[in-house]
Protein chains: 2
Amino acid sequence: MALPTPADAGGSQVKSAVRTVELLEYFAGRPGMHSLAEVQTSLGYPKSSLYMLLRTLVELGWVETDATGTRYGIGVRALLVGTAYIDGDEVVAAARPTLDRLAEETTETIHLARLDGADVVYLATRQSQHYLRPFTRVGRRLPAHSTSLGKALLATHSDDEVRKILPERLAPLTEHTFTDREELIEELALIRERGYSVDHEENTVGLRCFGIAIPYRTPARDAVSCSVPVARLTPGREQQIRDALFEARDRLTLATRHL
Amino acid sequence: MALPTPADAGGSQVKSAVRTVELLEYFAGRPGMHSLAEVQTSLGYPKSSLYMLLRTLVELGWVETDATGTRYGIGVRALLVGTAYIDGDEVVAAARPTLDRLAEETTETIHLARLDGADVVYLATRQSQHYLRPFTRVGRRLPAHSTSLGKALLATHSDDEVRKILPERLAPLTEHTFTDREELIEELALIRERGYSVDHEENTVGLRCFGIAIPYRTPARDAVSCSVPVARLTPGREQQIRDALFEARDRLTLATRHL
DNA sequence: GGAACGCGTTCAGTATACGGAACGCGTTCA
DNA sequence: TGAACGCGTTCCGTATACTGAACGCGTTCC
């Protein structure tokens with residue numbers, strides 16, 4: 001799930017601001033409480049600077065301490081901004097009825113996600129009502145190269161752009177995950193041709209996903225997918241899901257044409 | 001939904017860190033895109049300082065700009081940390097089975113929330129399966145004084161502590177909302193006595209909620225509630241819900257005794 | 001058409017936040 | 001038992017990030 005850290009270069013940055021968000025991302029990446037020394041060795045900031053920074057964030061409620069006051073973790077205040085991103089997003093708002101309809105038509109789990117660096121971020125989900133269903137949550141990040149959503153989005157970039165986004169070797173999540181960037185790029189050509197992507201248990205064993213990009217900007221930023229346990233899949237059902245996805249894509253294209 | 005800004009006083013703070021989170025909270029509070037000048041007049045920072053800060057946060061993906069690059073809004077990266085707070089929380093994890101069971105027993109909307117200043121923050125919800133149901137989302141904030149959750153939590157504080165947390169005049173959300181702090185404090189005495197709180201359409205017209213605090217620390221930090229449209233309420237059903245809540249409280253007390 | 005505005009951007013002097021080193025304190029060994 | 005460690009905390013000189021003023025550019029208004 002390599003979090004990209006874009007543009008370290010390029011002009012002077014406000015140091016404490018960089019550290020503030022790096023610190024928040026550190027805590028977010030490792031739930032639970034952490035000592036100052038632990039954070040210090042991980043991030044490499046001087047102890048005293050880190051101490052002041054932590055004290056400030058604790059006072060603001062963005063970082064919390066345990067009863068002893070010496071172990072730190074992410075605070076309640078951080079919740080606020082994350083959900084606001086979703087609430088204010090025009091694409092999420094415009095996609096709502098289409099997602100509902102897609103969920104009804106397929107009765108399977110539906111995702112709307114956005115490409116951020118080499119990851120996709122879930123913006124909205126509709127849970128399958130079946131007992132057997134994938135676990136997901138808004139805000140979750142997954143590698144683009146192992147998901148149908150990510151592959152559908154990467155396919156709207158040129159091969160060279162994809163080479164800039166992804167490293168040469170890709171981290172495997174299952175035995176089916178593409179681990180070679182160039183092999184993945186060949187697959188992207190196929191995706192462009194037929195208009196949708198498929199994830200054959202590349203992210204989760206037992207789960208097949210179908211993804212399609214929303215073309216309101218190029219390269220595309222958002223995509224929708226439908227995830228189905230292989231146990232429930234038949235050729236006929238697969239065709240049905242593909243049709244529903246294409247129809248959803250057309251509706252979404254209309255709903256987002258003003259963006 | 002007065003966001004508390006605790007402890008402005010007390011020791012030197014890292015200025016850029018304070019501004020960073022204030023800026024994020026600003027964007028979170030006003031979804032959509034905003035010009036530099038607009039933010040500048042609202043927050044009162046010098047233009048040039050704000051400019052540098054924004055540029056830094058844009059590079060890091062925590063703030064996004066529109067196509068022109070001159071209008072700013074909250075970025076994808078902010079999503080990450082918010083959801084992490086929930087994922088890492090021991091109370092949320094420990095409460096999961098109890099919430100599921102409570103949702104099944106009552107078939108109504110269930111909330112787990114935490115007190116933060118004068119607000120409550122939703123940490124987990126179980127949606128009612130009925131067609132008529134309240135709209136909620138994890139991360140949402142509501143005033144403590146107008147919710148059963150908030151009142152159940154405030155009741156575990158002493159009257160003087162409540163006077164420190166709440167202002168004298170309370171903002172009304174419906175015609176039933178308590179607007180006088182001292183009147184609310186009288187109600188809190190009643191809540192302590194009977195062990196649970198009731199919100200009689202004080203937050204949303206047509207909705208009655210029952211709340212109960214989880215006593216794993218004093219004063220309590222978290223509470224659970226059950227929200228029911230008045231149209232579906234009968235005396236017998238109300239009794240049933242109260243019983244289920246008390247049972248849930250006992251289960252949660254057990255599940256959180258190690259915290 | 002030109003002057004005045006509004007807005008984003010740059011610059012340089014200076015207030016200030018950073019960071020290396022020292023301190024205090026509790027814990028762990030020999 | 002006392003010396004050595006680990007960890008959080010404080011201190012002070014200095015590197016540096018902040019800010020007020022100036023700039024450039026597009027738009028508005030007379």
Side-chain angles (χ1 to χ4, degrees), chain A residues 5-27 30-75 77, chain B residues 5-27 30-75 77:
Chain A
T5 317
D8 294 320
S12 58
Q13 294 183 314
V14 179
K15 194 187 287 192
S16 304
V18 177
R19 288 184 172 175
T20 299
V21 300
E22 279 183 354
L23 194 56
L24 292 174
E25 287 178 3
Y26 173 87
F27 285 130
R30 310 176 197 206
M33 303 306 261
H34 306 272
S35 71
L36 192 151
E38 199 181 334
V39 181
Q40 198 251 335
T41 51
S42 293
L43 293 179
Y45 307 156
K47 240 193 318 182
S48 53
S49 309
L50 183 57
Y51 178 69
M52 276 305 191
L53 190 56
L54 282 171
R55 224 150 68 92
T56 303
L57 291 176
V58 168
E59 281 179 30
L60 294 169
W62 278 70
V63 168
E64 285 177 2
T65 60
D66 65 355
T68 74
T70 60
R71 300 180 66 80
Y72 302 88
I74 192 81
R77 272 330 214 317
Chain B
T5 317
D8 295 319
S12 58
Q13 293 183 315
V14 180
K15 195 188 287 193
S16 305
V18 177
R19 289 184 171 175
T20 299
V21 300
E22 279 183 353
L23 194 55
L24 292 173
E25 287 178 3
Y26 173 86
F27 285 130
R30 310 175 198 209
M33 303 305 261
H34 306 272
S35 70
L36 192 150
E38 198 181 334
V39 181
Q40 199 251 334
T41 52
S42 292
L43 293 179
Y45 307 157
K47 239 193 320 183
S48 52
S49 310
L50 184 57
Y51 177 69
M52 276 304 191
L53 190 56
L54 281 171
R55 222 150 70 90
T56 303
L57 292 176
V58 168
E59 281 179 32
L60 294 169
W62 278 70
V63 168
E64 286 176 3
T65 61
D66 65 356
T68 74
T70 62
R71 300 180 66 79
Y72 302 87
I74 192 82
R77 270 332 208 324

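Residue numbering restarts at 1 for every chain, and letters A, B, ... go by the order of the sequence lines. Just the heavy atoms: all of them, side chains too, but no hydrogens, waters or symmetry mates, feed the values below.
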**Q.** Spacing between B:Leu53 atom CG and D:dC18 atom P, to the nearest angstrom
**A.** 8 Å
Q: Using whole Å, report how far CZ of B:Arg71 lies from P of C:dG8.
A: 9 Å
Q: Only stems of 3 or more consecutive Watson-Crick or G-U pairs count here, both distances under 3.5 Å; name the ones for DNA chain C, or none.
A: C:1-30 with D:1-30
Q: Can you sort out which residues in residues 32-48 of chain B have a heavy atom within less than 4.0 Å of DNA chain D? Ascending by number, please.
A: B:Pro46, B:Ser48
Q: Give a yes or no answer on whether the side chain of B:Arg77 reaches the backbone of B:Leu60 with a donor-acceptor pair at less than 3.5 Å.
A: yes
(Q) On a heavy-atom basis, which atom in A:Pro46 and which in A:Arg19 lie closest, and how many Å separate them? (A) CD-NH2, 4.0 Å
Q) So, B:Thr56 side chain and A:Val14 main chain: donor-acceptor pair closer than 3.5 Å or not? A) yes
(Q) Can you tell me if A:Arg19 touches the phosphate of C:dG19, counting only side-chain N or O atoms and a distance under 4.0 Å to OP1 or OP2? (A) yes
Q) How many Å lie between OH on A:Tyr72 and P on D:dG8, as a whole number? A) 7 Å
Q. Where the side chain of A:Ser49 is defined as all heavy atoms beyond and including C-beta, which of D:dA17, D:dT9, C:dG19 is the nearest nucleotide?
A. C:dG19
Q) Can B:Glu38 and B:Tyr26 be said to form a side-chain contact (heavy atoms from CB on, under 4.5 Å), step by step? A) CA-CA 11 Å; B:Glu38 198 181 334; B:Tyr26 173 86; 4.3 Å; yes
Q: Please state whether the phosphate of D:dT9, meaning OP1 or OP2, lies under 4.0 angstrom from any side-chain nitrogen or oxygen of A:Tyr51.
A: yes
Q.
I'd like to know if the side chain of A:Arg71 and the backbone of A:Met33 have a donor-acceptor N/O pair within less than 3.5 Å.
A. yes
Q) Given atom CE of B:Met52 and atom P of D:dG20, what is their separation to the nearest angstrom? A) 15 Å
Q) When you check the phosphate oxygens OP1 and OP2 of C:dA17, does a side-chain N or O of A:Arg55 lie under 4.0 Å from one of them? A) no
Q: Determine, stepwise, if the pair B:Glu22 / B:Tyr45 fulfils side chain to side chain donor-acceptor pair (under 3.5 Å).
A: CA-CA 11 Å; B:Glu22 279 183 353; B:Tyr45 307 157; 2.3 Å; yes
Q.
Which label fits A:Phe27 and A:His34: parallel for a plane angle under 30°, tilted from 30 to 60°, or perpendicular past 60°?
A. tilted
Q) Taking all atoms of both residues into account, what is the closest heavy-atom pair of B:Arg30 and B:Ser42, and its distance? A) NH1-OG, 3.8 Å
Q) If you take all heavy atoms of A:Ser16 and A:Leu53, which pair is closest and at what distance? A) O-CD1, 4.5 Å
Q) Within the structure, does a side-chain N or O atom of A:Ser16 lie under 4.0 Å from either OP1 or OP2 of C:dC18? A) yes
Q: Tell me which nucleotide among D:dT19, D:dA17, D:dT9 gets nearest to the side chain of A:Lys15.
A: D:dA17
